[in-house]
Amino acid sequence: MASTTPAPYVVEDCGPNLQLFSDGTVIRFEDYNILPPPVLPPALSTVQWKDVVYDAGRGVKLPVLVYFHGGGYFIGSFEMDNFHACCLRLAHELPAVVLSADYRLAPEHRLPAAHDDAATAMSWVRDQAVASGDAADPWLAESADFGRVFVSGDSAGAGIVHHVALRLGSGQIAVDPARVAGCALLFPYFGGEERTRSEAEYPPGPFLTLPFSDQGWRLALPRGATRDHPLANPFGPESPAMDAVALPPLLVVVAQLDLLRDRDVDYAARLRAMGKQVEMVEFEGQHHGFFAVEPLGDAGSELVRVVRRFVYGNGGDAAAAAAAASK
């Protein structure tokens with residue numbers, strides 16, 4: 001007797017990246033690097049880097065910068081040329097010891113899997129702060145100042161940073177004796193059911209459109225969840241209140257032409273209204289993800305300078321950087 005079970009069909013087609021089928025099967029295509037690869041200048045060849053597994057189951061001390069790449073929670077990798085170039089620049093020009101952390105992707109691993117992986121990465125940093133002998137990574141033992149740990153990321157990676165900050169402030173993640181001195185969110189990928197003005201009126205960006213953003217949330221959120229889920233919307237109807245949460249100092253970088261611009265501005269403004277220490281810099285004429293798209297561009301150079309001022313706290317006015325970025 002012939003089977004009456006319908007053949008699996010595509011429910012989400014993400015172009016050259018992946019396809020999700022009705023039976024839950026995910027087909028990922030090998031060429032996932034959709035960004036134009038950068039040409040690295042000779043200066044960045046002096047930056048040393050290596051891969052370290054932080055969860056096998058899944059002289060002068062420099063600040064530590066833990067970095068989470070973007071990609072809507074369903075594409076991307078720390079191995080992608082563009083994200084790697086961003087981290088090389090940050091390591092070279094801040095300077096800092098940069099830990100570029102990977103995480104599990106949706107839809108095979110829906111949220112909060114990525115946030116849980118980020119918590120594991122932060123626990124690994126804590127363990128390294130007290131490690132000795134063979135358990136200590138030699139580069140970190142020699143160069144890392146665990147009293148100055150910063151957490152940063154772009155797009156979805158910035159969303160991860162928000163949840164790391166939330167877990168730190170609410171005591172769900174403990175990093176002592178390491179200390180998180182600040183978090184830098186670069187054009188964070190947030191969502192919500194009600195459209196903002198920028199979402200409703202801005203033309204599609206070169207690397208982020210509203211349908212692509214909505215598709216990302218359908219793939220990343222728990223099945224049946226809406227974009228008002230706390231994992232997408234920090235101020236959704238069921239999102240935890242942050243008034244009493246002791247967040248570390250935050251830097252929020254906003255791109256003027258980003259469809260998500262108004263969400264990111266509102267995020268910074270509402271946290272400021274709660275009395276949180278939040279610095280916001282808006283880059284005029286830039287689209288979502290501009291640092292990863294052109295890590296060696298002029299705007300990327302100014303972004304690195306903004307992050308440097310935030311990390312080293314040398315009294316520079318980040319608001320002035322927004323004006324400089326538009327010149």
Side-chain angles (χ1 to χ4, degrees), residues 11-35 49-58 65-84 86-87 98-128 151-168 172-173 175 183 185-186 188-191 208 212-225 227 229-234 289 292:
V11 294
E12 295 286 354
D13 189 342
C14 303
N17 303 300
L18 63 85
Q19 289 180 323
L20 172 64
F21 286 79
S22 56
D23 64 352
T25 300
V26 176
I27 295 179
R28 288 189 177 273
F29 305 111
E30 292 184 2
D31 187 13
Y32 56 79
N33 196 348
I34 62 173
L35 302 177
W49 61 276
K50 65 177 180 179
D51 294 338
V52 175
V53 177
Y54 62 81
D55 183 357
R58 307 171 302 188
L65 182 73
V66 183
Y67 194 89
F68 297 97
H69 66 80
Y73 295 110
F74 69 96
I75 58 174
S77 165
F78 74 106
E79 295 179 314
M80 286 177 61
D81 293 340
N82 294 65
F83 295 130
H84 186 57
C86 291
C87 290
V98 176
L99 306 178
S100 183
D102 219 13
Y103 51 88
R104 290 171 292 169
L105 299 176
E108 300 97 320
H109 307 283
R110 291 176 180 264
L111 294 174
H115 301 153
D116 293 341
D117 291 346
T120 301
M122 297 306 298
S123 295
W124 184 84
V125 171
R126 175 202 62 207
D127 293 344
Q128 286 297 309
V151 188
S152 184
D154 65 279
S155 191
I160 290 175
V161 174
H162 162 75
H163 285 277
V164 167
L166 200 58
R167 292 189 184 193
L168 283 167
Q172 298 177 53
I173 300 177
V175 295
C183 295
L185 294 79
L186 313 182
Y189 177 53
F190 294 136
L208 182 67
F212 186 81
S213 176
D214 290 349
Q215 184 179 58
W217 289 122
R218 290 197 302 271
L219 292 168
L221 289 171
R223 288 181 178 84
R227 295 188 302 273
H229 192 285
L231 295 171
N233 186 350

Task: Side-chain (Ser155) to main-chain (Gly157) donor-acceptor, under 3.5 angstrom - done: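 Here the side-chain-to-backbone pair does not exist.
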Task: Donor-acceptor contact present, side-chain Arg104 to main-chain His109, <3.5 Å - done: no
Return the [atom1] to [atom2] distance between [X] and [Y], rounded to the nearest 0.5 Å.
X	Y	atom1	atom2	value
Glu108	Leu20	CD	CG	8.5 Å
Ile173	Leu168	CD1	CG	5.0 Å
Arg218	Ser213	CZ	OG	10.0 Å

Partners of [X] by side-chain hydrogen bond (donor to acceptor under 3.5 Å, both in side chains), sequence neighbours excluded?
X	result
Gln215	Glu12
Arg167	Asp116
Asp127	none
Arg126	none

Using a 4.5 Å cut-off on heavy atoms from C-beta on, say whether the side chain of [Y] contacts that of [X].
X	Y	result
Phe83	Asp154	yes
Tyr189	Trp217	yes
His162	Pro188	no
Val151	Phe68	yes
Leu185	Ser152	no
Val66	Val125	yes
Leu219	Cys14	yes
Pro234	Phe190	yes

TODO: Under the side chain to side chain contact (heavy atoms under 4.5 Å, CB included) rule, collect the residues that match up with Pro230, sequence neighbours excluded.
DONE: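 If we apply the side chain to side chain contact (heavy atoms under 4.5 Å, CB included) test to Pro230, skipping adjacent residues, the hits are Glu238, Ser239, Pro240.
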TODO: Mind checking side chain to side chain contact (heavy atoms under 4.5 Å, CB included) for Ser100 and listing every partner two or more places apart, or none if nothing turns up?
DONE: Phe78, Cys87
Least distance between heavy atoms, [X] atom then [Y] atom:
X	Y	value
Gly76	Leu105	O-CD1, 3.5 Å
Leu231	Pro222	CD1-CD, 4.0 Å
Ala106	Ala220	CB-CA, 3.5 Å
Asn82	Ala292	ND2-O, 2.8 Å

TODO: Would you check if there is a donor-acceptor pair between the side chains of His69 and Asp102 at a distance under 3.5 Å?
DONE: yes
TODO: Could you list the residues that satisfy ring pair (Phe, Tyr, Trp, His ring centres under 6.0 Å) with His115, not counting sequence neighbours?
DONE: Tyr73, His163
Task: Partners meeting ring pair (Phe, Tyr, Trp, His ring centres under 6.0 Å) with Tyr67 (sequence neighbours left out) - done: none
Open item on the list: Apply side-chain contact (heavy atoms from CB on, under 4.5 Å) to residues Arg110 and Arg223 and explain how you reach the verdict.
Closed with: CA-CA 8 Å; Arg110 291 176 180 264; Arg223 288 181 178 84; 3.7 Å; yes
